[in-house]
Number of protein chains: 2
Amino acid sequence: MRFDKTRSAGFLTNHLARLFAHHLQARIGPLGLAPAQFMTLLELWETDGLTQAELVTRLDVEQATMANTLNRMARDGLIDRVPHPEDKRARLVRLTDKAKALEGPAKAAAQGINADALAGLSEADRERFLATLNEIIGTLRRR
Amino acid sequence: MRFDKTRSAGFLTNHLARLFAHHLQARIGPLGLAPAQFMTLLELWETDGLTQAELVTRLDVEQATMANTLNRMARDGLIDRVPHPEDKRARLVRLTDKAKALEGPAKAAAQGINADALAGLSEADRERFLATLNEIIGTLRRR
DNA sequence: TCTAAATATATAGTATGCTATATATAAGAT
DNA sequence: ATCTTATATATAGCATACTATATATTTAGA
């Protein structure tokens with residue numbers, strides 16, 4: 001059976017994701033951030049005080065993955081966790097001042113990588129690429 | 001600063017790669033394979049007897065990553081490593097009969113996932129998507 | 001030739017992802 | 001009110017990725 005890597009969406013997406021992660025790490029590492037932490041901060045910069053469960057839903061990772069990421073973020077002084085006022089099981093994730101201060105530089109770094117990556121494409125191709133990514137994500141999530 | 005996840009190539013690619021990996025795991029797991037093992041087998045099915053260094057180049061992963069993947073593959077009876085005839089530092093990675101027998105079913109599983117993922121796209125959009133992935137990979141590798 | 005640089009592999013440590021499992025609390029059902 | 005089920009979080013164990021480092025061998029250069 002033939003299988004051409006360069007024509008496999010799964011293979012190529014895996015490769016590209018590793019390249020993006022590598023570049024992101026290079027640019028936000030100096031800020032004291034790692035990629036999964038940045039992804040989590042994107043939600044918290046939008047809405048401070050989410051629960052772990054809400055972050056899990058919004059970022060589509062497993063609960064155990066998020067629990068570990070939040071532990072590392074607390075260790076690194078990016079978040080605090082305070083008791084949920086109405087639910088003794090839950091805790092609210094709160095940004096520290098340190099994490100709030102990183103919003104500008106970290107988002108700029110990520111935007112820069114996206115811009116570099118798509119630099120060789122026409123505006124129409126960029127739009128089509130983003131739309132297709134979103135569409136395939138939707139397709140695979142439904143299964 | 002605004003940062004829309006649904007318009008970030010890096011964010012979307014990370015998400016999609018996780019979805020692809022999850023589906024691939026579900027379909028090749030029952031064959032006794034994991035995604036990185038499958039990726040490595042793709043090269044070895046093409047060319048049996050590669051060195052670790054050659055696999056590293058072809059798959060664009062770090063040497064330590066490949067060393068660990070090969071250890072797990074040897075543990076699982078998918079490969080043997082034999083001394084390189086001309087270079088005492090190196091070893092040749094050889095497929096076992098077990099690994100050879102998995103080529104058809106594993107490739108079929110991966111093709112099936114790719115087909116499912118792209119099912120909602122026109123043929124032209126599929127081609128464009130694959131071409132764009134390859135192009136962006138090229139761009140980011142050059143940096 | 002002998003030393004220095006390059007190459008092939010291995011290992012340690014860490015981050016991020018997963019599944020499976022455990023515990024605590026909340027909500028619903030009878 | 002009690003019992004069952006659902007929800008929120010934590011933890012253990014593993015795969016895959018990374019960087020940094022170590023060792024062995026080969027190649028190149030003085």
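Numbers restart at 1 for each chain; the letters A, B, ... are given by sequence-line order, proteins then strands.
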ask   = If you check every side-chain atom of A:N68, which of D:dT11, C:dA8, C:dT11 has the closest atom?
value = D:dT11

message = For a quick test of reading the model: is some side-chain N or O of A:Q63 closer than 4.0 Å to OP1 or OP2 of D:dT7?
response = no

request  = Among D:dA17, C:dT9, C:dT25, find the nucleotide with the atom closest to the side chain of B:T51.
outcome  = C:dT9

message = Between P on D:dA17 and CD on B:Q37, what's the gap in Å once rounded to a whole number?
response = 11 Å

key: Phosphate OP1/OP2 of C:dA24 contacted by A:R91 side-chain N/O (<4.0 Å)   = no

request  = Determine whether A:T51 and A:R91 make a side-chain contact, defined as any pair of heavy atoms from C-beta on separated by less than 4.5 Å.
outcome  = no

ask   = Choosing from D:dA15, C:dT16, D:dA10, which nucleotide comes nearest the side chain of A:P35?
value = C:dT16

request  = Start with the C-alpha gap between A:D116 and B:R142, add the side-chain angles, then the distance that decides, and say whether salt bridge (charged side-chain N to carboxylate O under 4.0 Å, His left out) holds.
outcome  = CA-CA 11 Å; A:D116 288 353; B:R142 257 170 256 124; over 6 Å; no

Closest nucleotide among C:dT19, D:dT11, C:dT9 to the A:E62 side chain = C:dT19

query = For C:dG17, does OP1 or OP2 lie under 4.0 Å from any side-chain N or O of A:R72?
reply = no

task = Return the value, rounded to whole Å, for the distance between atom CG of A:L55 and atom C1' of D:dT7.
result = 16 Å

Spacing between B:H22 atom NE2 and D:dA15 atom P, to the nearest angstrom = 17 Å

request  = State whether the distance check finds a donor on one side and an acceptor on the other, under 3.5 Å, for side chain A:Q25 versus base C:dA15.
outcome  = no

query = Salt bridge between B:E103 and B:K107, side-chain N to carboxylate O under 4.0 Å?
reply = yes

query = Between C:dT16, D:dT16, D:dT19, which nucleotide gets closest to the side-chain atoms of A:A36?
reply = C:dT16

inquiry  = According to a hydrophobic-cluster definition based on side-chain heavy atoms being under 4.5 Å apart (Ile, Leu, Val, Met, Phe, Trp, Tyr only), do A:M1 and B:L102 belong together?
reply    = no

task = Using heavy atoms to find the nearest nucleotide of DNA chain D for B:A34 and A:Q52 separately, return the residue whose nucleotide is more 5′.
result = A:Q52

message = Mind checking if B:A64 touches a base, just sugar-phosphate, or nothing, with heavy atoms under 4.0 Å?
response = base

ask   = D:dA17 C1' sits how many Å from A:L16 CG, rounded?
value = 15 Å

request  = May I have the distance from A:L70 (atom CG) to D:dT11 (atom P), rounded to whole angstrom?
outcome  = 13 Å

ask   = Could you give the CD-to-C1' distance, from A:E86 to D:dA8, as a whole number of Å?
value = 15 Å

request  = Output yes when A:K5 and B:E43 qualify as a salt bridge under the 4.0 Å nitrogen-oxygen rule, no when they do not.
outcome  = yes

request  = Figure out the CG/P separation between B:D87 and C:dT7, and round it to whole Å.
outcome  = 12 Å

task = Please confirm whether any donor atom in the side chain of A:R89 sits under 3.5 Å from an acceptor in the base of D:dT7, or the reverse.
result = yes

inquiry  = Rounding to an integer number of Å, can you tell me how far B:L33 CG sits from D:dA15 C1'?
reply    = 13 Å

task = Check whether any side-chain N or O of A:H84 sits under 4.0 Å from OP1 or OP2 of C:dT25, and answer yes or no.
result = no

ask   = D:dT16, C:dT9, D:dA8: which one has an atom nearest the side-chain heavy atoms of B:A53?
value = C:dT9

inquiry  = Quick check on the hydrophobic clustering: are B:W45 and B:M73 connected, directly or via other members, by side-chain heavy-atom contacts under 4.5 Å?
reply    = yes

inquiry  = Check the phosphate of C:dA8 against B:R81, side-chain N and O only, distance under 4.0 Å to OP1 or OP2. Yes or no?
reply    = no

inquiry  = D:dC18, OP1 or OP2 - any side-chain N/O from B:T65 closer than 4.0 Å?
reply    = yes

